[in-house]
Amino acid sequence: MTPHTLASTLNKKFILEPVISPTGGFVGFELLTRYTSVAGKSRNPFMVIENMPFSEKRDLLFEQLNALSPTVALLEQRGLFVSINIDRDMVRMVEEDAQLSWLFSIASVLRLEVSENIDFSHDVEARQALQQLKARGMHFFLDDLGTGFANLDALYTGLFDAVKMDKRFFWEQKEKSIFPVLMANIQRYCPKIIVEGVENKEDLAALEHIPLYGLQGYYFPALEIDELPQHLSQGDAI
């Protein structure tokens, strides 16, 4: 008898968190997975997914892509992206699993957010896998810049179309005089920066004079996947 894993005991829901341009329009969306217990208590999705066996991560990836499939044509029409998070195991799946090859047919819309737990300075295998996928047309974002030195090594690889700044790092750095210099240095290696953790007007003000690709956070409410057409028809997000 197969033992139950944590994820199999939880309720699961997919939502879209918008990424907003500095001028207030949509740039794209991140697909997030929300987990709750039977009693309704939220569980940390990163901890849940990290502890999944390989087969469950594969199933999750298929579920996410199936959930997104009705939105692809609309996103492509509007020139918007949708990103999903992948870890090292999922990088291997995308590279090796023939049933996932259709990802490349939606590569104009899909962005794969690479987990910060890949050590780009030493993990040659993972780095080469990403290089091969990029050569086949896949696009990558570097997730959670500022959580570790491995992210700095990742920036130097040239693999990433955009980098997402970790919200805690943003909160720690935003009031410092060197913050604009820090952002300019990051943009030397990856011009497109998305800042996570934008939660209020003060956060917006801290970023007002910095050229950014996108803003993300609770200031911009998440939406259900089936609400996407309505929100896009309304135009600007803010």
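FYI, side chains are in, hydrogens and waters are out, and symmetry mates aren't considered; it's all heavy atoms of this structure. Every value quoted in this text rests on a predicted model; they were computed, and no experiment measured them.
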Closest non-hydrogen atom pair between [X] and [Y], with its separation:
X      : Y      : answer
Val163 : Cys190 : N-SG, 3.7 Å
Asn200 : Tyr219 : CA-CD1, 3.7 Å
Ala67  : Pro70  : O-CD, 3.3 Å
Val27  : Ile20  : CG2-C, 3.9 Å
Thr5   : Pro53  : CG2-CD, 4.0 Å
Met52  : Lys57  : O-CE, 3.6 Å

For this session: Enumerate the residue pairs fulfilling side-chain hydrogen bond (donor to acceptor under 3.5 Å, both in side chains) with a member in residues 177-198, sequence neighbours excluded, ordered by first and then second residue.
Result: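 Every pair satisfying side-chain hydrogen bond (donor to acceptor under 3.5 Å, both in side chains) with a residue in residues 177-198: there are none.
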For this session: Return each pair, listed once, that meets side-chain hydrogen bond (donor to acceptor under 3.5 Å, both in side chains) where at least one residue sits in residues 201-215; pairs must be two or more places apart or across chains.
Result: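 Listed by first then second residue: Lys174-Asp203.
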Return the [atom1] to [atom2] distance between [X] and [Y], rounded to the nearest 0.5 Å.
X      : Y      : atom1 : atom2 : value
Arg78  : Glu76  : CZ    : CD    : 13.5 Å
Thr23  : Leu215 : OG1   : CG    : 9.5 Å
Leu228 : Phe29  : CG    : CZ    : 5.0 Å
Ile194 : Leu142 : CD1   : CG    : 11.0 Å
Ile193 : Ile210 : CD1   : CD1   : 8.0 Å
Leu32  : Ser83  : CG    : OG    : 7.5 Å

Is the shortest side-chain heavy-atom distance between [X] and [Y] below 4.5 Å?
X      : Y      : value
Leu31  : Ile225 : yes
Phe120 : Val114 : yes
Met93  : Ile86  : no
Leu223 : Gln230 : no
Arg127 : Leu159 : yes
Leu75  : Ile106 : no
Leu207 : Phe179 : yes
Glu30  : Lys164 : yes

Exercise. In terms of side-chain geometry, is the basic nitrogen of Asp161 or Lys134 positioned less than 4.0 Å from the acidic oxygen of its partner?
Worked result: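 The answer is yes: the pair qualifies as a salt bridge.
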Hphob cluster co-occupancy, [X] + [Y], side-chain heavy atoms under 4.5 angstrom:
X      : Y      : result
Phe220 : Trp171 : yes
Leu212 : Leu80  : yes
Phe160 : Met165 : yes
Leu100 : Met90  : yes
Ile84  : Ile118 : yes

Problem set entry | Worked verdict on Arg88 versus Glu125 for side-chain contact (heavy atoms from CB on, under 4.5 Å) | CA-CA 10 Å; Arg88 194 185 190 285; Glu125 183 180 349; 3.5 Å; yes
Exercise. If only atom types and distance count, is the side chain of Asp144 paired as donor or acceptor with the main-chain N or O of Thr147 below 3.5 Å?
Worked result: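 A pair under 3.5 Å: no.
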Exercise. Got a sec, which residues hit ring-ring contact (aromatic ring centres under 6.0 Å, His included) with Phe81, two or more places apart in sequence or on another chain?
Worked result: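 Phe81 satisfies ring-ring contact (aromatic ring centres under 6.0 Å, His included) with Phe141 once adjacent residues are dropped.
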For this session: Verify side-chain contact (heavy atoms from CB on, under 4.5 Å) between Val94 and Leu61, making sure each step is shown before the conclusion.
Result: CA-CA 9 Å; Val94 175; Leu61 190 54; 4.2 Å; yes
Problem set entry | side-chain contact (heavy atoms from CB on, under 4.5 Å) against Gln132, all qualifying residues, sequence neighbours excluded |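 With sequence neighbours excluded, Gln132 shows a side-chain contact (heavy atoms from CB on, under 4.5 Å) to Glu95, given in chain and number order.
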Contacts table for residues 10-19: side-chain donor-acceptor under 3.5 angstrom, sequence neighbours left out:
residue: Lys12; atom: NZ; partner: Glu63; partner atom: OE1; Å: 3.0
residue: Lys12; atom: NZ; partner: Glu63; partner atom: OE2; Å: 2.9
residue: Lys13; atom: NZ; partner: Glu224; partner atom: OE2; Å: 2.7
residue: Glu17; atom: OE2; partner: Gln216; partner atom: NE2; Å: 2.8

Solution key, residues 33-43 side-chain donor-acceptor pairs under 3.5 Å, sequence neighbours excluded:
residue: Thr33; atom: OG1; partner: Gln64; partner atom: NE2; Å: 3.2
residue: Ser37; atom: OG; partner: Ala39; partner atom: N; Å: 3.4
residue: Ser37; atom: OG; partner: Gly40; partner atom: N; Å: 3.4
residue: Ser37; atom: OG; partner: Lys41; partner atom: N; Å: 3.0

Exercise. Would you find more than 12 non-hydrogen atoms of other residues, nucleotides or ligands less than 6.0 Å from Tyr218 atom OH?
Worked result: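 No, OH of Tyr218 has 12 or fewer neighbouring heavy atoms, counting only those of other groups under 6.0 Å.
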